[in-house]
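Down below is the structure, laid out as structure tokens.
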Protein chains: 2
Amino acid sequence: MCHGRVNTRLPVLERRARLVDAALAVAEQDGIAAMTVRRVAEQAGVALGVVHYCFADKDELLDALASRIVDDLTGAGSAALDDAPDIATALAAAVDGLWAGIEQSAGTQLLTYEITTHALRTPGLRAVADRQYAASQAAAERLLTLVGSAAGASWRRPVADLAAEALAFVDGVTLRWLVDGDATAARARLASFANYLATQAKPSRRRSSRPHHRDGFRR
Amino acid sequence: MCHGRVNTRLPVLERRARLVDAALAVAEQDGIAAMTVRRVAEQAGVALGVVHYCFADKDELLDALASRIVDDLTGAGSAALDDAPDIATALAAAVDGLWAGIEQSAGTQLLTYEITTHALRTPGLRAVADRQYAASQAAAERLLTLVGSAAGASWRRPVADLAAEALAFVDGVTLRWLVDGDATAARARLASFANYLATQAKPSRRRSSRPHHRDGFRR
DNA sequence: GTCTATAGTTGGATAGAC
DNA sequence: GTCTATCCAACTATAGAC
């Protein structure tokens, strides 16, 4: 007979996954401080003890939650970019996609900041914060590389440096948006930074649709 | 008879100030979650009940703490800038001073992010986050205006916009520095943003403090 | 594997003595 | 104004029944 959809008697890994789902739901809604073992158990529809059976302690659950969020966020941001006539167009498209993803996940964004600060305060969770930034940095580098190739341009400075700067800016803009709720201003700020980034690229291959060429001089 | 230095029988306002001091010490050290009413009372050397006598509840104490931090941080950042030959020099000096202030107050910086996220999660503390950003925005505008006049330049775009962008960038750079501890990279990122800001200014008056005019022809 | 029951802490808040 | 004593709620974690 089929194994059915009942919640009881799940393999541990499956149970862990569902508990992380529950933890995410609670933390997204009411913040990291509200994510207690009790509420997670309640949200998952299991008894309190089950959580402690699947995770050594609360920190381990939080660690798993952080990994889950990192996977969700970096996985979502990897949509392909269409070819673009120039770097400004490609950057605008990238910013659009990026901001759309951010705007529809406000709770998760806020939660990310909460997890970062909490990890910095908790000795045993130091690796969590490192992982968050390593993943974000990698995603930013991937996106910039994609933008470059979509526009047929290359970057004048190391992509890692540009990605770090872009990441910092997006972080700051997002945090402020969470506070003031002004999405229009946030988008304008991102557009402004995209303008700056455009000055950091130079055409590296001839675009088929661009008859004229402009000479490159350094800085 | 003098009123002495004993801790007992203080006027309420003085007592409140000392409790905020204590709250700041605790929160800087161990984070906002560790800032319990009990620990604050202990740190201040008073009984638990005293805190509840001076503050209606914990949120009111936290509100006062947030105000205190905002005052400290924006007050510290208002050092005068010397006259500078050009905008790049003025910006470099401003960044130096800004970063020096940030680097020597890591605990407070982290605490600021914690307070922001906590305020966003707590309906009664919404005003706290708004106040933080209003003060930061004002300080950033003040600094940029100062930079402009020190270099005898004016900004091509509204100072408010540039300040908001600078604030976002500094926020993001600071948060990442708190995670990875790489002050050199942080400074490099700020310097890079200063370069961008320099392109947003144009000379508006002849420098007067120099008898020899090495004047600025724009290369 | 899952549940109930409970131990053991810690925290916010208040009442009432001094 | 300050302190002690106490209430009550919520939390983490574990032990042991099923």
Side-chain angles (χ1 to χ4, degrees), chain A residues 1 3-23 26-27 29-65 114 118-119 121-125, chain B residues 1-23 25-27 29-65 114 118-119 121-125:
Chain A
M1 62 178 63
H3 60 287
R5 288 178 24 252
V6 287
N7 280 338
T8 53
R9 297 273 146 188
L10 288 181
V12 191
L13 283 178
E14 174 67 18
R15 178 62 79 198
R16 279 177 65 109
R18 297 204 183 181
L19 288 174
V20 171
D21 287 346
V26 171
Q29 185 83 32
D30 295 331
I32 191 105
M35 195 208 82
T36 66
V37 178
R38 279 187 143 80
R39 276 205 60 185
V40 171
E42 182 188 14
Q43 174 79 27
V46 301
L48 174 63
V50 177
V51 182
H52 280 105
Y53 172 77
C54 294
F55 297 94
D57 54 18
K58 192 189 170 184
D59 281 355
E60 199 177 288
L61 171 59
L62 203 139
D63 190 305
L65 172 62
E114 290 185 278
H118 181 255
R121 291 290 191 188
T122 312
L125 293 181
Chain B
M1 61 179 77
C2 67
H3 60 286
R5 290 180 22 251
V6 286
N7 280 340
T8 53
R9 297 275 143 186
L10 287 180
V12 191
L13 284 178
E14 173 68 18
R15 177 63 77 198
R16 278 176 65 107
R18 297 204 185 180
L19 287 174
V20 171
D21 287 346
V26 170
Q29 185 83 32
D30 294 330
I32 192 107
M35 195 209 81
T36 66
V37 177
R38 285 187 140 81
R39 273 204 63 184
V40 170
E42 183 189 14
Q43 174 79 26
V46 300
L48 174 62
V50 176
V51 182
H52 279 105
Y53 172 76
C54 294
F55 296 94
D57 54 16
K58 192 189 170 183
D59 280 355
E60 199 177 288
L61 171 59
L62 203 138
D63 190 306
L65 172 62
E114 291 184 279
H118 182 256
R121 292 290 190 188
T122 312
L125 293 181

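Values in this document were obtained by computation on a predicted structure and should not be read as measured data. Residue numbering restarts at 1 for every chain, and letters A, B, ... go by the order of the sequence lines.
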Given DNA chain D, 5'-ward residue of the pair A:R39 and A:G49, judged by closest heavy atom: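 By nearest-heavy-atom nucleotide position, the 5'-most residue is A:R39.
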For a quick test of reading the model: is some side-chain N or O of [X] closer than 4.0 Å to OP1 or OP2 of [N]?
X	N	result
A:Y53	C:dT2	no
B:H52	C:dA13	yes
B:R38	C:dA13	no

Quick check for you: among [options], whose closest atom lies nearest to any side-chain atom of [X]?
X	options	answer
B:K58	C:dC3, D:dG1, C:dG12	C:dG12
B:V12	C:dT2, D:dC11, D:dG1	D:dG1
B:T36	D:dA13, C:dG12, C:dT2	C:dG12
B:V50	D:dT2, C:dT2, C:dG12	D:dT2
B:R9	C:dG1, D:dG1, C:dT4	D:dG1
A:L10	C:dG12, D:dA13, C:dT2	C:dT2

B:E42/B:R38 salt bridge by N-O under 4.0 Å criterion: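 No.
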Short N-O contact, A:E14 and A:R9, less than 4.0 angstrom: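 No.
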Atom pair distance, as rounded to whole Å: CG in A:D59 and C1' in D:dA13: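 That distance rounds to 13 Å.
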Nearest-Å distance for atom pair CG/P, residues B:L48 and D:dC7: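 Checked: the CG to P distance equals 15 Å.
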Sidechain-backbone polar pair: B:D57 side chain, B:E60 backbone, donor-acceptor under 3.5 Å: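 Flag set: sc B:D57 to bb B:E60 pair under 3.5 Å.
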